[in-house]
Each structure stands twice: as structure tokens, then as C-alpha cells.
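As a basis for the values below, the full set of heavy atoms in this structure was taken, side chains included, without hydrogen atoms, waters or symmetry mates. Position 1 is the first residue of the sequence, and the numbers go up from there. Here the structure is a predicted model, which means the values were calculated and not measured.
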Amino acid sequence: PMDFASNLEPLIREVEDHVASAGWDQPVRLFALVPTANLLDANPELASELGISAEMPLTSVEQEIEDTLELDELLATIAWPEDVAGAIVVLERIVLPPSAESDLPSNDDSALVQAASDHPERRDVRIVSAVLRSGQNLNALRYRTHDSADAVAVAPNLVSRLNDAVASTFAD
């Protein structure tokens, strides 16, 4: 199989930038990663229509998803065909410092979300998880307070639980 891991960083940055162009407060977004050669073989017109180049080994294809499902429910319903080499999930979350934990209600989910949303130390973050069928992963993080492409942090294994959940969509 082709080594797609070296293609992950430009691809994750491209997808994150695409999602960022639509602003904040978006629902979960899901992309299949398909070998570009396969796409162009099946649809040669895509090269000119979408500006797809065989120079990029993988191409991201956004998936329409049911936005009423929670992320774990959504991922549990996905089974990719063999020609999908990986997937990218993009979501937004509120992050609080550990010191905020004592300020939060523990027995009511809606109260917890409201308390986190109203907390003065809240930080909004866009999280991108790219996972290949082979298990390799890469994450990107963009904070609303540092909302520029050059401030996006990119590294593997930043969000291991999310990476594992995306990887599970490739399990037999």
C-alpha cells in the first residue's frame, strides 16, 4: 500500500483551513480520505472541475452526516469501503483549565454545558483528527483566541480518544 502518512500534514491543514473559512460554531464535519489516483481514474473531469492534482496522494471528500447524532453515535454507524484510506473528523469543544472543575455541576449534563459555556476561563477550540486505515494519525488544534492559520498546532496523538474513535470506523 502507498505511504499516505507523509501527506497527512498538508491535508489536515487544507481541511482545517476549509472548515475555518466558514467561521466558528459549526456542527461536526466528516471527510473521507480517498487516494487521488482512484478518484481521477473514476472521474477524470474532477481534475479540472475541482482542481484536484495527482501530486497530492490523498483527497478529502466531505460526507453528509446526520447532525442530530452525538459524535460517538455517529462514529458507531460508519463503515468505510475498502478504497477509503482514512478519515478526518472536525469538531469544536469548550476547554477549561483543571482549576475550573470545582465550579462545575457533576450530575446534570445540560447544566454542565451551560456552566462551561459561561465560565470566564473557557477556551473554544477546533479539533481535527485525521486517521489513516493503517493507524497513523495527526491532529490539528485552533483556538478561537488565536484564530489564524499560522497559530494552528499540528502533531500526532494530541487527542488520542478521538483518534481511537475515528480509527474504530476502520475495524472489520
Side-chain angles (χ1 to χ4, degrees), residues 1-93 124-144 146-160 162-172:
M2 190 172 208
D3 174 31
F4 295 121
S6 60
N7 183 229
L8 271 184
E9 183 163 347
L11 195 57
I12 199 171
R13 287 186 183 280
E14 178 184 287
V15 168
E16 195 285 329
D17 194 54
H18 167 73
V19 172
S21 71
W24 286 87
D25 305 316
Q26 295 184 53
V28 171
R29 310 264 299 262
L30 176 67
F31 299 81
L33 300 180
V34 180
T36 304
N38 295 6
L39 267 183
L40 294 177
D41 286 348
N43 303 293
E45 70 281 359
L46 288 178
S48 59
E49 275 181 44
L50 302 177
I52 295 174
S53 163
E55 292 172 21
M56 287 288 275
L58 289 172
T59 298
S60 61
V61 180
E62 188 158 9
Q63 307 297 296
E64 288 188 29
I65 58 174
E66 178 62 53
D67 63 357
T68 59
L69 292 176
E70 291 297 320
L71 181 62
D72 55 344
E73 295 170 320
L74 170 68
L75 294 176
T77 66
I78 296 173
W80 298 106
E82 279 301 313
D83 62 338
V84 173
I88 295 180
V89 172
V90 183
L91 54 91
E92 295 176 10
R93 290 294 182 256
D124 295 336
V125 63
R126 180 174 298 116
I127 302 166
V128 185
S129 171
V131 178
L132 295 177
R133 190 178 284 277
S134 62
Q136 293 145 307
N137 71 71
L138 196 63
N139 299 116
L141 302 177
R142 180 191 292 239
Y143 286 88
R144 193 186 292 237
H146 300 352
D147 194 6
S148 65
D150 62 347
V152 174
V154 176
N157 302 313
L158 292 176
V159 194
S160 57
L162 179 57
N163 294 340
D164 291 347
V166 175
S168 72
T169 65
F170 293 102
D172 292 333

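The shortest distance between side-chain heavy atoms of Leu39 and Val61 falls below 4.5 Å. Inter-residue side-chain proximity for Val131 and Leu162 is flagged as unmet; no heavy-atom pair is nearer than 4.5 Å. No side-chain heavy atom of Ile127 sits less than 4.5 Å from a side-chain heavy atom of Leu158.
With values rounded to the nearest 0.5 angstrom, Leu132 atom CG is found 6.5 Å from Leu58 atom CG. The CZ atom of Phe31 sits 9.0 Å away from the CD atom of Gln63 when rounded to the nearest 0.5 Å. Considering OG of Ser129 and CG of Leu91, their distance stands at 8.5 Å, rounded to 0.5 Å.
Across all non-hydrogen atoms, the minimal contact from Leu11 to Ser60 is CD1-N, 4.2 Å. Residues Leu40 and Ile52 come closest through the heavy atom pair CD2-CG2, 4.1 Å. Residues Asp17 and Ala149 share a closest heavy-atom pair of OD1-CB, 4.3 Å. The two residues Gly86 and Val84 come nearest to each other via the heavy atoms O-CG1, 3.1 Å. Scanning both residues, Pro156 and Leu138, for their nearest heavy atoms gives N-CD1, 3.5 Å. Taking every heavy atom of both residues into account, Val154 and Ala140 meet most closely at CG2-CB, 4.0 Å.
Using a distance-only test at 3.5 Å, with no hydrogens or angles considered, a donor-acceptor pair links the side chain of Thr36 to the main chain of Met56. Although no hydrogens or angles enter the test, the distance criterion places no donor-acceptor pair under 3.5 Å between the side chain of Glu16 and the main chain of Val152. Distance alone, capped at 3.5 Å, is enough to place a donor-acceptor pair between the Asn139 side chain and the Val159 backbone.
Counting only residues at least two apart or on different chains, the salt bridge (charged side-chain N to carboxylate O under 4.0 Å, His left out) pairs with a member in residues 21-39 are Asp25-Arg144, Arg29-Glu62. Residue pairs meeting the salt bridge (charged side-chain N to carboxylate O under 4.0 Å, His left out) criterion with at least one member in residues 4-13, sequence neighbours excluded, are Glu9-Arg13.
Exactly one residue among Gln26, Arg142, Arg126 makes a side chain to side chain contact (heavy atoms under 4.5 Å, CB included) with Val90. That residue is Arg126. Results of the side chain to side chain contact (heavy atoms under 4.5 Å, CB included) test with Val28 over Leu69, Leu75, Ile65 single out Ile65 as the only residue that passes.
When the shell of 6.0 Å around CD of Glu49 is examined, it contains more than 12 heavy atoms from other residues, nucleotides or ligands. Shown here is His18, whose NE2 atom has more than 12 heavy atoms of other residues, nucleotides or ligands within 6.0 Å.
Ring pair Trp80/Phe170 is parallel by interplanar angle, where below 30° counts as parallel and above 60° as perpendicular.
Residues satisfying the side-chain hydrogen bond (donor to acceptor under 3.5 Å, both in side chains) criterion with Asn157, sequence neighbours excluded, are Asn137.
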(request) List the steps and the verdict of side-chain contact (heavy atoms from CB on, under 4.5 Å) for Leu30 and Ile88. (result) CA-CA 6 Å; Leu30 176 67; Ile88 295 180; over 6 Å; no
